[in-house]
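A quick write-up on the structure given underneath.
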Protein chains: 4
Amino acid sequence: MPESNSIIDQLFEDEKLTEKQKKIIEAAIDSFSEKGYAGTSTSEIAKKAGVAEGTIFRHYKTKKDLLLSIIAPMLAKSIAPFVIKDIYKVLNHKYERYEDFLRAMIANRDIFLKQNLPLFKILIQEIPFHPELKEQFMEHIAIKIYSRFKDLVLYYQEKGDIIQIPAHSVIRLNISTLMGYFFTRYLIFPDNEWNDEEEIENMVQFLLHGLSPQK
Amino acid sequence: MPESNSIIDQLFEDEKLTEKQKKIIEAAIDSFSEKGYAGTSTSEIAKKAGVAEGTIFRHYKTKKDLLLSIIAPMLAKSIAPFVIKDIYKVLNHKYERYEDFLRAMIANRDIFLKQNLPLFKILIQEIPFHPELKEQFMEHIAIKIYSRFKDLVLYYQEKGDIIQIPAHSVIRLNISTLMGYFFTRYLIFPDNEWNDEEEIENMVQFLLHGLSPQK
Amino acid sequence: MPESNSIIDQLFEDEKLTEKQKKIIEAAIDSFSEKGYAGTSTSEIAKKAGVAEGTIFRHYKTKKDLLLSIIAPMLAKSIAPFVIKDIYKVLNHKYERYEDFLRAMIANRDIFLKQNLPLFKILIQEIPFHPELKEQFMEHIAIKIYSRFKDLVLYYQEKGDIIQIPAHSVIRLNISTLMGYFFTRYLIFPDNEWNDEEEIENMVQFLLHGLSPQK
Amino acid sequence: MPESNSIIDQLFEDEKLTEKQKKIIEAAIDSFSEKGYAGTSTSEIAKKAGVAEGTIFRHYKTKKDLLLSIIAPMLAKSIAPFVIKDIYKVLNHKYERYEDFLRAMIANRDIFLKQNLPLFKILIQEIPFHPELKEQFMEHIAIKIYSRFKDLVLYYQEKGDIIQIPAHSVIRLNISTLMGYFFTRYLIFPDNEWNDEEEIENMVQFLLHGLSPQK
DNA sequence: CATGAATGAGAATTCATTCAT
DNA sequence: CATGAATGAATTCTCATTCAT
């Protein structure tokens, strides 16, 4: 719980949260990620958070409000900014080669996901059922991230590091490969023994060869 | 609706379904896939199916029974058998090269997904919340499919078509790439314009190069 | 209860009401008229009606629906039609003199109110808080009744029975006098001893003299 | 708001009200008159008054206390005293004829109602639901006012200004006629165009002729 | 005095399930 | 087999009231 606290503190840093509010959010994240939004009752959250049920509704007008207040910062703060920063790093020639960028991104996202796994699960599971979330997702991820990622792809394509196929395909192949690993690693078989270094190395090689320009 | 009927007829072929039962299943698939299992009420399903609420419970003891009766055939009949058949085809030297197998598999899964999209969505979305489903999934997909897929991978690795990394990694990279395409194509951006042939060709090349043995 | 049943049967004649529905409406009328709409809980109504709380909501989507379903027939059926009928009677020269009409109206409304006292109380008390009710009231009472009443007034004014002041003033003075009696008689001091015949006779004389043309 | 302040100052003159208390009472009058006591929440009042929820309960132990603290002065100070004063005026031969008294009363009550409309609405609407209010009303209005009014009626009956029917009937006919006007004028159709002078004149003539002794 | 977070009892409403017809 | 009224437990949400700061 001290650990999950730190995540919450980080994600909700500029909002002043009462001790009880934090408890509520923690409990909600826990329950939503485990049983889904619709499958979790507010009384359950209240009990887990150790507060009265009314307290939840004092802070969040509706149950949906609670959900959104949890996901919004995940979308707004944690995913979008990451790419922006990395973009600048790249433009500052920190990642000369595509391979460098790839390794940096994998490491970065790996840490992020490991820390925010339950939130990530909620995000993934609830997006299909909530149009507002889908919109926010489109705006933050699909538009912002995509447009920045595209610049990167074009940059490395010009340099000759990457094959000349549509940028969106390159992006999708990249993300699919990463997501496939993260899902399998952290959600589907988290209990298997994993040789992470080897997996990542193989994944990097797979992506590099798969995307390298054909002679 | 005549089309969706045909899918149902196909998936539930050996069960004798009354007209009302079919309507119920259709309505349930529709609602579950759109709003999730927990977010769908039985009265909603009854209304959409044009039957009385009681009628649902005459055929399915509980709401969960209804869910399982929808997902079970999807798991049991549609995914598992496919690989069995293909295995034999491969062993019968139908797909000499890994590339041939790849193209066949993509085409096959593409058709299957296109026809069963709502069911697929339900499967994906509900598995995390229902231990029984997870178990069934493990049994049918993770174990059966994996073990057969592994034979294939070893076969093509021996032939020198595929790089020598652990079979599970090869399988995961393959599936991730395919799923990434199908998700993006059919679930996330179904309304975009897609040049399917080009996408698939790029994907095949990506996989072939990404998995080809390094010199 | 057999009596109140008859009223309900009369007011809700063309709607097919279950036994339970009748019980619910009876209980609702009882409670609403005694403690007001906002001051009555649905659980209270359910208990008084001897049904489960859910049963109320099976028949009336919301608590407000229940209120409206009670008041609507009161407005639509019971008040409006009365005047229409009487209008025709008058035009058929049944009530030659204004005095005849007056006595008939008083008798008619007296019976009606005596039978529908609780409903009448609800109507009076809730109209100020529900815009929809106000609108319906305006439409049914203020517009329909007023326009017919006006014809009568003009008729008797032409005949020289009534003083030449604006019809709306005549109507208001009439209704005020009647309502003042009914309110005092049935709502404020129902327990006092009342010499009804004398009261009505005095009221009639008061109205006749008050409205008779000045020499 | 400066105007409504003055009313409050007037009604609550001997109570020392803080600025916040005034705001609370103003807000409460506003909300109670618009949505009824049971339909208004204390949090709503607090918000409208610009104070914390707790502040209300610092001044009024319960919500009902707040209601009573609003209605009590309306009953005690504003209605009762009026008649007392006027009685003395009459006994001082200020209003020689019944007509003079009538005009004076109408003018007086007109001003009073215009200034205290929301309070008046609350009084009218809440009395039926609160036994204490009903008692207070009986004590202040029904008993005190009635007994003084009766003296007046007897006085004018002796003088031959008024017909010889029971005093309570005279009083009721008077009040009904006035209330009918005030309700229609200020509560039901406040937005219509009103020729107040003509209305009042007609009303006075109606009452005078209606109550004049028959030859 | 004032605040507003917290409470818990209770309100309206939903829902899976049952059962008499 | 099918119906749909009825149920009552659970769920979301409201609200008057309390109390530590």
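Residue numbers start from 1 in every chain, and the chains themselves are labelled A, B, ... in the order their sequence lines are given, proteins ahead of strands.
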Closest to the 5' end of DNA chain E, once D:G50 and B:Y37 are matched to their nearest nucleotides, is D:G50
Under 3.5 Å on both distances, the Watson-Crick or G-U partner of E:dA11:
F:dT12
Using Watson-Crick or G-U wobble geometry with both distances under 3.5 Å, which nucleotide pairs with F:dT3?
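Pairing partner: E:dA20.
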[X] [atom1] to [N] [atom2], straight-line distance once rounded to whole Å:
X: C:K20; N: F:dG4; atom1: NZ; atom2: C1'; value: 14 Å
X: D:E19; N: E:dT3; atom1: CD; atom2: P; value: 13 Å
X: D:K61; N: F:dC19; atom1: NZ; atom2: P; value: 14 Å
X: B:H59; N: E:dT17; atom1: NE2; atom2: C1'; value: 16 Å
X: D:Q21; N: E:dT3; atom1: CD; atom2: P; value: 12 Å
X: A:D65; N: F:dT14; atom1: CG; atom2: P; value: 11 Å
X: D:K47; N: F:dA16; atom1: NZ; atom2: C1'; value: 15 Å
X: B:Y60; N: E:dC15; atom1: OH; atom2: C1'; value: 20 Å

Would you mind telling me which of [options] lies closest to the side-chain atoms of [X]?
X: A:K63; options: E:dT7, F:dT12, F:dT3; answer: F:dT12
X: D:R58; options: E:dT3, F:dA5, E:dT18; answer: E:dT3
X: D:T18; options: E:dA6, F:dA5, E:dC1; answer: E:dC1

Six-ring centre of B:F129, A:K35 cation under 6.0 angstrom, axis tolerance 45°:
no
Counting the atoms with a prime plus P, OP1 and OP2 as sugar-phosphate, which does C:S41 contact under 4.0 Å by heavy atoms, base, sugar-phosphate, or nothing?
sugar-phosphate
Counting the atoms with a prime plus P, OP1 and OP2 as sugar-phosphate, which does B:T55 contact under 4.0 Å by heavy atoms, base, sugar-phosphate, or nothing?
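Base contact.
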Give the intermediate values and the outcome of side chain to side chain contact (heavy atoms under 4.5 Å, CB included) for residues C:Y37 and C:K64.
CA-CA 9 Å; C:Y37 169 78; C:K64 187 142 200 176; 3.4 Å; yes
Salt bridge check, A:K47 against A:E53: does any charged N sit closer than 4.0 Å to a carboxylate O?
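Salt bridge between A:E53 and A:K47, a charged N being under 4.0 Å from a carboxylate O: no.
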Could you check A:K64 against D:T62 and say which one's nearest nucleotide on DNA chain F is further toward the 5' end?
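Looking at the nearest nucleotide for each, A:K64 comes out on the 5' side.
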Which is more 5' along DNA chain F, the nucleotide nearest A:F57 or the one nearest C:E53? Just name the residue.
C:E53
Nearest 0.5 angstrom please: B:D65 CG to B:F57 CZ, how far?
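Here the rounded value is 10.0 Å.
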Is A:T42 close enough to F:dT12 that one of its side-chain N or O atoms is under 4.0 Å from OP1 or OP2 there?
yes
Qualifying residue, where the test is side-chain hydrogen bond (donor to acceptor under 3.5 Å, both in side chains) with B:H130 and the options are B:E126, B:K134, B:E132:
B:E126
